[in-house]
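Report on the following structure.
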Number of protein chains: 2
Amino acid sequence: MSRLDRSLIAGIPIFQGMAPADLDGILHKARSQRIAKDQTVFEQEGEAHSFFLLLDGHVRVVKTTPDGQQVIVRYISPGELMGIAHALGRTTYPASAVAAVDCVVLAWPGPVWPEMAATFPNFGAGTYKTVGARLQETQAHVVELATKQVEQRVAHALLRLVKQTGRKTEDGILIDFPISRQDIAEMTGTTLHTVSRLLTAWEDKGLVKSGRQKVTVVEPHLLFTLAEGQADKG
Amino acid sequence: MSRLDRSLIAGIPIFQGMAPADLDGILHKARSQRIAKDQTVFEQEGEAHSFFLLLDGHVRVVKTTPDGQQVIVRYISPGELMGIAHALGRTTYPASAVAAVDCVVLAWPGPVWPEMAATFPNFGAGTYKTVGARLQETQAHVVELATKQVEQRVAHALLRLVKQTGRKTEDGILIDFPISRQDIAEMTGTTLHTVSRLLTAWEDKGLVKSGRQKVTVVEPHLLFTLAEGQADKG
DNA sequence: CGTCCATTTGATCAGGGTCAAGACGAGTGG
DNA sequence: CCACTCGTCTTGACCCTGATCAAATGGACG
């Protein structure tokens, strides 16, 4: 493996405020790894030997039920940690992480986590803050699934993706990695058929443009009003 | 306020392995507080001035949507922490906590959290482990909402409550605090009507016995097979 | 050019939400 | 002690959202 340059991680929030020598020390413990599209970074139930930082690409975190159904828990963007089971006192990964495109990650052996957290308090605190933020998001997702209609959930999911990974194009804001109807269905607890029907309806209304594994949001604001649309069951 | 005796907290996992003097030090910073049934321990969006340990009673943690719908995120049992927003880098509570029965809690001012975590590493680690465990549970809840039928979700919810707070009676295992059909509906993303129908159906089959704000599970194992019952949408 | 996968779209239908009444039981005030 | 009230629970009727089933279309890629 080649020497890793500290510029790789200098700009990442969780390493903010560390001395160059510290960054080098952290990188020294890491190995860099490429993950081809559709390959897994780590697998649900697998021994949690490492934790990871995504340097480039997009990763989806997926939980699979015993009967084979899948739920996409979240998408990871560059600069985010993943597989931090160790920080939570777990020894196995609770979900799988699949590269949505070719990715580059840094990997550290799990056992160095406590060491790093002790040596660099900001890193430890940042990790916990990440975990806390994810707990909030996940709880918000529970509320959404429990109280909102499918249309609102799908609209919200698209808006979240746009915010997280949107790239401006002449048509509108493009979700910057390949995403299928099936993927959107697995994020929102519905079926690809329903997602397809919603997208074509929205396309007719000019809210989005979409194609094969591609979605562009043309009118985020209108989509937002749709996402907030009135209540339902309960 | 009267002096707090260390026996109050000596048996609680998160304080395990601390010297008596440490326990006294921790208690010295706490105040004890009674919360009458249906009163809130803390409120969603409110300034997170304190964090809490439930000593006695049962508390439900509730998120309310802008349009007034409620979702019960979890029930807290004696010995568990709640309102630990500070540990997650938040300044407001993300949910409300309501006493399901008359309760006794210990409360610490939020700002002492970092101090306690630094002084008692086990306490800090224990808190994070709690947060991690809750993240896992919440993600499992998302998967359940996204992939399971209402009947299975309600069955699971009852089994969780039985495991958490069940008390053996001659009829079976009683959920040890008042819980309404509406409460169960808010835990599972359905309506009180559907919960009522399910419970009467189960009662006819001899799986449960239930009454006003009271549920006893007679045949946990049969209920479990029902909860695991085959797949569905997706 | 053929194969495979993503997508679309129609038809059907059922799970469970909504609407509407009532029954039941516990607590309250007279 | 009784009447009343309020909140919980039950139950029936109806119907809508969205899942399921089934096929066909259309790109992408080897």
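Values in this document were obtained by computation on a predicted structure and should not be read as measured data. Side chains are part of it too, since the values below use all heavy atoms of this structure and drop only hydrogens, waters and symmetry mates. Below, chains carry the letters A, B, ... as their sequence lines are ordered, and counting in each starts from 1.
Taking only side-chain nitrogens and oxygens, B:Thr190 comes nearer than 4.0 Å to OP1 or OP2 of C:dG17. Contact annotation: B:Thr194 side-chain N/O to C:dG17 OP1/OP2 distance is under 4.0 Å. At the phosphate of D:dT10, OP1 or OP2 sits under 4.0 Å from a side-chain N or O atom of B:Ser196.
Rounded to whole Å, the distance from CG on A:Asp38 to C1' on C:dC4 is 15 Å. In this structure, A:Trp202 places its CH2 atom 18 Å from C1' of C:dT9, rounding to the nearest Å. The interatomic distance linking B:Lys209 (NZ) with D:dT10 (C1') rounds to 19 Å, in whole Å. Nucleotide D:dG18 holds its C1' atom 18 Å from the NZ atom of A:Lys148, rounded to whole Å. To the nearest angstrom, P of D:dG18 lies 13 Å from CG of A:Leu145. B:Leu192 has its CG atom 13 Å from the P atom of D:dT11, to the nearest Å. Distance A:Glu151 CD to D:dG18 P: 8 Å, rounded to the nearest Å. The CD-P distance, from A:Gln182 to C:dT7, rounds to 9 Å in whole Å.
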Review item, side-chain donor-acceptor pairs of residues 169-176 of chain A, under 3.5 Å, at least two apart:
residue, atom, partner, partner atom, Å
A:Thr169, OG1, A:Asp171, N, 3.2
A:Thr169, OG1, A:Gly172, N, 3.3
A:Thr169, OG1, A:Gly172, O, 3.0
A:Asp176, OD1, A:Arg167, NH1, 3.0

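Residues satisfying the salt bridge (charged side-chain N to carboxylate O under 4.0 Å, His left out) test with B:Arg74, not counting sequence neighbours, are B:Glu137. Remark: A:Arg160 pairs with A:Glu144 by the salt bridge (charged side-chain N to carboxylate O under 4.0 Å, His left out) rule, at least two apart or across chains. A:Glu151 pairs by the salt bridge (charged side-chain N to carboxylate O under 4.0 Å, His left out) definition with nothing, not counting sequence neighbours. Shown here are the salt bridge (charged side-chain N to carboxylate O under 4.0 Å, His left out) partners of A:Arg134, two or more places apart in sequence or in another chain: A:Glu80.
Between the side chain of A:Asp102 and the main chain of A:Lys37, a donor-acceptor pair closer than 3.5 Å is present. The backbone N or O of A:Leu192 lies less than 3.5 Å from no partner atom in the side chain of A:Ser196, so there is not a single donor-acceptor pair. With hydrogens and angles disregarded, no donor-acceptor distance shorter than 3.5 Å links the side chain of B:Thr40 to the backbone of B:Glu43. Side chain of B:Gln44 to backbone of B:Thr64: a donor-acceptor contact under 3.5 angstrom is found.
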Might you list the N or O atoms of the protein lying below 3.5 Å from N or O atoms in nucleotides 10-15 of chain C, with each pair's distance?
residue, atom, partner, partner atom, Å
C:dG10, N7, A:Arg197, NH1, 3.0
C:dG10, O6, A:Arg197, NH2, 3.3
C:dA11, N6, A:Arg197, NH2, 3.4
C:dG15, O3', B:Gln149, NE2, 3.4

Just the table, please: protein N/O against nucleotides 26-30 of chain D N/O, every pair under 3.5 Å.
residue, atom, partner, partner atom, Å
D:dG26, N2, A:Arg212, NH1, 3.2

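The ring pair (Phe, Tyr, Trp, His ring centres under 6.0 Å) analysis of residues 85-104 of chain B, with sequence neighbours excluded, yields the pairs B:Phe42-B:Tyr93. Counting only residues at least two apart or on different chains, the side chain to side chain donor-acceptor pair (under 3.5 Å) pairs with a member in residues 209-224 of chain B are B:Arg181-B:Ser210, B:Glu203-B:Ser210. Counting only residues at least two apart or on different chains, the ring pair (Phe, Tyr, Trp, His ring centres under 6.0 Å) pairs with a member in residues 143-182 of chain A are A:His58-A:Phe177, A:Tyr75-A:Phe177.
The end-to-end axis angle of the helix from C:dC1-D:dG30 to C:dG30-D:dC1, rounded to 10 degrees and based on five pairs per end, is 40°.
Contacts between residues 172-181 of chain A and DNA chain D, counted as heavy-atom distances below 4.0 Å, involve no residue at all.
In plain terms, the two heavy atoms of A:Gly57 and A:Leu54 that are nearest each other are O-CD2, 3.5 Å.
A donor-acceptor contact under 3.5 angstrom links the side chains of A:Thr191 and A:Thr194, judged on distance only.
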